Structures are given as structure tokens and as C-alpha cells.
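The structure appears below as C-alpha cells.
All values derive from a computational prediction rather than experimental measurement.
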Amino acid sequence: MNQDVTSVSKEPEPLGQAPAAIQVITNDEIRRSGASSLPEALRLADNLEVAQENAYTWHISARGFNTDLSDKLLVLIDGRTVYSPLFSGVIWDVQNVMLEDLDRIEVVSGPGGTLWGANAVNGVINIISKSAENTQGWYMEGGGGTELRDFGAIRYGGQLAPNVYYRVYGTYFDRNNEVLPDGNPATDEWSEGRGGFRIDTGGPSEDKLTLQGDYYNGASGSTKVPDITNVESGENVLGRWTHTFSSDSDMSLQLYYDRTNFSEAEPGFSIFEAPGIFSDSLDTYDADFQHHFNVGDRNKITWGAGYRFTHDSVTPAPTVSVTPLTLNQNLLSTFVQDEIKLQDELFFTLGTKVEHNDYTGFEVEPSGRLQWNVTPTQMLWAAVSRAVRTPSRLDHDGLTPTGLPSFLPQSILTGTTAFTSETVIAYEAGYRAQLGDKVSGSVSTYYNDYSNIRSITPTTTGFLDLPLYFQNNLEGETYGVELSADYQMLDWWRWHAGYDFLQEHIHVKTGEIDFTHGLNETADPQHQFSIRSSMDLPGNIEFDTTLRYVDTLDTNNGPIAETTPSYFELNARLAWHPTKNLEISVVGQNLLHDQHAEYFYPSATNPPQEDIERSVYGKIAWHF
């Protein structure tokens, strides 16, 4: 509860006094979970929905809308936004950080548009690395097993000058195929290599500097077109300067460049189309400034401004394209937030962000948040917020050609220039407490009112109602409860439990039409819970287990939904520390079933459903 978080107010504050539905995944929790990828680590957040579709495809969201084009969750890695403007979502198979070097992951469920901007509709994931000063010396790890066939990582940290620290790292992994429901292997093996560096200044100086960068290159087998390989590559560099004026005032300036490239095999829709490769290259240039200062004893003000330029270039496949193929976009933003002290333990935070994008012009995202520190260890909070999901390139410019003769429809699905931003008005309330020395927990409730949700609308006068158009003909509401608790039962034995309840009611606006009757935008469990046990046993042995339950998923791209059954699964990790700096571990994942399905999105161009297999791997990690 005393750990500092920054995602709620953009300045450090104790978790126990952060007035939002926030959970923190620590480095030690990641290590003890046996997670070998970032999506696996995110399963530790009770307020997220995480589903694995195949060896390299994951679907992650908060508070619903976890569809094939999940687009209402903003993800940052060390301040760098990683969502793709192509579909306003995250391509998870290129977000492979070195888990050992993470300090923590802050997961906020609920709107974050006031501080973080568009697409922070249902939540924000803020992934924060350790400074170079805290990663000195050598670290090596390696291992392999059944699904994670082999992997390795090496990192070295040192000093360039007094109070100037650096680290360099390299990683590699190779993942096996998953399987089809009949037990035959799929063709989605996946491998990637990655390397990078980070430089930080330390010491008592009022100025702090960070410079970091990464490069990666990987490939995966295609389940859509088995004889074609999907490829991915990219690089980024980020610089940040922070300056402290006084104990009540500081500022930061951050600049980054990010380039991502990927290509994906796409099958032909009809006998008139051959398979092809869809590829996308995105260059992002981003500048962000923010300033914190106090006005008297009752006002803490945070304000800032930003600019982002993107250059997106697409090579179309026969069944997937956008028009124009190359597009430059500009995003300008400014925000201000004031935390007002009403009484000694009562605070009201009011703020808004204003953005201008090239598709819809100006967007305003205000919020108001009330916090009451009932006791030093108990806090109540409530909030009302507005957030938007701005159009993606597929919404606005997308095109799915049929390849049919000219006298038949030439496209199945197209974007439209009339597509507007999706909006939500969110009402939230929560309670967080440290109840004695052994128990802590939180509960959050919410009601979200959505308008202008993306629809797929047929052409009522066309042949076979084609083409279909992306429009904004849906609306609806969701509500739910998120529970999380920790219990230090004994000095050597800790328990954690979490439960999520979600209810969604999405419907077609009066007088409008949607091809899927409002079902296309949701693929979420109504109930999910997990329970973790962490034991420190004699002989420097650790034993950790996680049992999780995920309710039924209904996903579709037409009037008939496809059901992914509910399931229980169990992960376990046994680790031995023969010396202080050496760790040997064995990890078992999905131990209750030989194979099980977690997500399937039926489509004329999608491959058959895949199942996720039981896996076991061993690992050796050495610090020196």
C-alpha cells in the first residue's frame, strides 16, 4: 500500500491513496509467477481480461470489449505509447520486454483520458522499467521446455562516469506450435530476438536524464496461410529530462521515435483471389511536456502539452487494404488537472484533456474525482469521467475486397469518412484498505454509458447487402465489480485472490441497423477469478501456484455467436536458490488440461480454432 504509483495523477503517490481502480504487479510477483512473456505477466492483474488465441496472438482488455480488434485500452512502456493507429489496439506479439528489468506494471481499469488521452477508454497499462542504476552487474538466464522450446537473456550494467549508469541487454526465445482441436499441430511457431540499452543519471542533481532504445526482429508461422511466414521488426529510442525546481514543483520533457514493421499472411476470400501478405510500417515521433506545481496549501496543479506525428505505410493483401496506402497524421494535445484539498482528508480532483486529431478534430475528455481518506489506512473514492476512442485507419479508410467479377460486389467491408469517435461516460466508486498487518484489499464498482460504438451496417439496396460499412450505430452500458485481496497468512505463506464481474448490454440505436445485432464488439467473460499461493519453504525453496477460472466467451462476426467454453487452469512454479545469486526453477502452465481453447473469432478469412497446450519448462538465472 505504500508503494508509489504514477498512473493515476502523473506524479508519485502511495498506492493506498491513489483514487482509482489500480493494481500493481511487482517484479517479484512476475518472477514468482513463472511468466515468460508480457501477456502472461498481465494475468496477475485481476482487473484485466487476458485470453491467448494461438502461440503469438493475445487479446487483452479491461471492463469488456475484448474483441478481435480490441481498441479501448492504452498501453505505455516507459512512457512510450504502443497502440497501433491501424486498428487503435495493441499488437501484443511485438511488445516483448525483458521481464527481469521491469520495476512494476501499473494497471488502471476505468477511463484515463484526462491525463493519457484518446483510447484510454476502459483502462491504462503503464509498464515501468528499473533504472540503469538498479541493474548493475551481470544477469544471465536460459532454459527450455515443451512449448517454450528454448530461451535466453543476458544483461550487463555498469558506469560511464560518476552518477552516470548504463545497461545493455539481449534476449531470444523460440515457441512451439499450439494445436488444433483434433490434436494436430497448428503452424504458428514463433521466435524473436531483441536487444537494447538504457542510460540514466543519478545522484543528488536537480536534473535527471534517461536515454534508452530497443531493436527486435521475429517471425511466426501463419495459421491462415500455412506456407507463408509472418514477420515483425522494429526499433525505438526515447529520451527524458526531468528537472526539480523545488519540493513543490518539477517538470519533464520526453521525446521518442518508434518504428514498427509487420507483415501477415491473408487468405483469399474466394476462388478469384490468391493468398497474399498484408504489411504495415509505422513511424511515430512524439514530444510530451508536463509540469507539476503547488498553489498555496490546497491546490496541486499538473498541466502539459504534447505533439505526435505518425507516418503509416501499408502494402495491401488481396483481402485487406486501406485508402490511401500512405498516410501522415498529426495529434496535438494539452491537459490540466487540479487536486483541491477541501478538508484535511478530503480531496477533489478536476481536470480535462483537449486533443486535436486529423479525423474528428477536437476531442474533450474531462473528469472529476473525489477522495476521502477515512483513516490513514482506509480510503473511499468516486469519479465521473468522459473518454473517447478516436477512429482507426480501418474504421475510416479500411477496405476488404471480394475479388469477384465486376458485376458482383467489389468489397465486403469498408470504412467510412463519417465514422466518429466512440465515447463513454463512466461512473466509478471504490474502497481500498490495509486491514491490520496481514490483510489488504480493494473493491471497485462502475457503470459505463457508451455511445457511437462501432457497428457493421449492411447496404440495404446492394446485392447480398454488400458492402458492409463501419458506422456508429451501437450504444449501450456495462457495469461490474472488481475485487482484490492479499492475506499474509504466515511469515512464509502469502495468498492473493481476485474476482471480476462484468455485465454488458450493447444494442442497436433506434431506427438503425447492425449486421451482427450488437454482438460484434464484445467477447468477454461475465465472471472470472483467480487465487495465488506463494510459499517460502525451508532450504531456500519457493513454491507458487495460481488457479484461475474464466467464464464462457461468446464471439462472432455474424448473427450467430461462437462459444468458447469456460475453463479452470492451474500454473505452478518450484524454485531453488542454492546460492544468493543463483536460481533454478521449473514452471508448469495450463496443468489441468492437455489442451483448451481460450479465444476464437470466427471469420471467413480466419483459421480454425486453436487450443492452448499444457507446457513445462526449466530455467536457470544467475546474478553476479
* To do: For side-chain contact (heavy atoms from CB on, under 4.5 Å), just list the numbers for Asp101 and Arg155, CA-CA rounded to whole Å, side-chain angles, deciding distance to a tenth of an Å, and then say yes or no.
  => CA-CA 9 Å; Asp101 287 348; Arg155 179 251 290 154; 2.8 Å; yes

* To do: Could you tell me whether the side chain of Arg32 and the main chain of Met535 form a donor-acceptor pair under 3.5 Å?
  => yes

* **Heavy-atom closest contact (Gln609 atom, Ala597 atom, distance)** => NE2-CB, 3.3 Å

* Charged N-O contact under 4.0 Å between Asp594 and Arg614 -> yes

* **Asn590-Tyr567 side chain donor-acceptor pair, cut-off 3.5 Å** => no

* **Stepwise side-chain contact (heavy atoms from CB on, under 4.5 Å) test for Tyr56 and Asn54** => CA-CA 6 Å; Tyr56 58 87; Asn54 55 42; 3.7 Å; yes

* Euclidean distance, Glu29 CD relative to Leu44 CG, rounded to 0.5 Å -> 6.5 Å

* Structure fact -> Between Asn571 and Gln589 the two heavy atoms that sit nearest each other are OD1-CA, 3.3 Å

* Asked: Ser279 pairs by side-chain hydrogen bond (donor to acceptor under 3.5 Å, both in side chains) with which of Thr315, Asn230, Asn261?
  -> Thr315

* Asked: What closest approach, in Å, do Leu73 and Ala62 show between heavy atoms, and which atom pair accounts for it?
  -> CD1-CB, 4.3 Å

* Structure fact -> What one should report as the nearest heavy-atom pair of Tyr139 and His623 is CD1-CE1, 3.2 Å

* Taking everything shown except Trp622 itself, do over 12 heavy atoms lie less than 6.0 Å from its CH2? -> no

* **Enclosure of Ile620 CD1 (heavy-atom neighbours >12, cutoff 6.0 Å)** => no

* Asked: Out of curiosity, Leu570 CG to Leu592 CG, how far, rounded to the nearest 0.5 Å?
  -> 5.0 Å

* Find the distance between CG (Asp103) and CG (Asp78) and round it off to the nearest 0.5 Å. => 9.5 Å

* SB check Arg532 Asp544 (cutoff 4.0 Å) -> no

* Going through the checks in order, is the side-chain contact (heavy atoms from CB on, under 4.5 Å) test met by Leu180 and Glu610? -> CA-CA 5 Å; Leu180 301 176; Glu610 286 192 44; 4.1 Å; yes

* With no hydrogens and no angle check, do the side chains of Ser530 and Arg43 hold a donor and an acceptor under 3.5 Å apart? -> no

* To do: With rounding to the nearest 0.5 Å, note down the distance linking CG in Leu86 to CZ in Phe262.
  => 5.5 Å

* Checking Asp536 side chain against Glu542 main chain: does a donor-acceptor pair fall under 3.5 Å? -> no

* Is there a donor-acceptor contact under 3.5 Å linking the side chains of Glu482 and Ser109? -> yes

* Nearest-0.5 Å distance, OG of residue Ser70 to OH of residue Tyr83 -> 14.0 Å

* So, does Glu598 use its side chain to make a donor-acceptor pair with the main chain of Gln52 at under 3.5 Å? -> yes

* Any chance you could measure Gln23, atom CD, to Ile125, atom CD1, to the nearest 0.5 Å? => 11.5 Å

* Asked: With distance as the sole test, does Asp174 use its side chain to make a donor-acceptor pair with the main-chain N or O of Asp150 at under 3.5 Å?
  -> no

* May I ask you to decide if Glu189's main-chain N or O and Asn177's side chain share a donor-acceptor pair within less than 3.5 Å? => yes

* Give the intermediate values and the outcome of side-chain contact (heavy atoms from CB on, under 4.5 Å) for residues Trp92 and Val50. => CA-CA 11 Å; Trp92 285 104; Val50 180; over 6 Å; no

* **Check ion pair Arg31-Glu141 (N to O, under 4.0 angstrom)** => no

* What pair of heavy atoms forms the shortest contact from Leu48 to Gln528, and how long is it? -> O-NE2, 2.8 Å

* Donor-acceptor pair, Glu583 side chain versus Lys619 backbone, under 3.5 Å? -> no

* Asked: Relative to the ring of His527, is the ring of Tyr499 parallel (under 30°), tilted (30 to 60°) or perpendicular (over 60°)?
  -> parallel

* **Electrostatic pair Glu521:Arg389 at N-O distance under 4.0 angstrom** => no

* Compare every heavy atom of Gly64 with every heavy atom of Glu504, then report the nearest pair and how far apart it is. => OE2-CA, 3.5 Å

* To do: Look at the side chain of Arg194 and the backbone N and O of Val94, then say whether any donor-acceptor pair between them is shorter than 3.5 Å.
  => yes

* To do: Determine the interplanar angle of the Phe419 and Phe470 rings, folded into 0 to 90°, and report it as parallel if under 30°, tilted if 30 to 60°, perpendicular if over 60°.
  => perpendicular

* Distance-only, no hydrogens or angles: does the Asn66 side chain make a donor-acceptor pair with backbone N or O of Ile60 under 3.5 Å? -> yes

* Asked: Short question: side chain of Thr319, backbone of Pro267 - any donor-acceptor pair under 3.5 Å?
  -> yes

* **Proximity of Trp58 and Tyr599 rings by center, below 6.0 Å** => no

* Once the angle between the rings of Phe501 and Tyr479 is folded into 0 to 90°, is it parallel (under 30°), tilted (30 to 60°) or perpendicular (over 60°)? -> tilted

* Return yes if some donor-acceptor pair links the side-chain N/O of Glu422 with the main-chain N/O of Arg454 below 3.5 Å, else return no. => yes

* Among Asn47, Asp46, Val443, which residue meets the side-chain contact (heavy atoms from CB on, under 4.5 Å) test with Leu483? -> Val443

* **Test side-chain hydrogen bond (donor to acceptor under 3.5 Å, both in side chains) applied to Asp514 and Thr516, step by step** => CA-CA 5 Å; Asp514 179 61; Thr516 66; 2.8 Å; yes

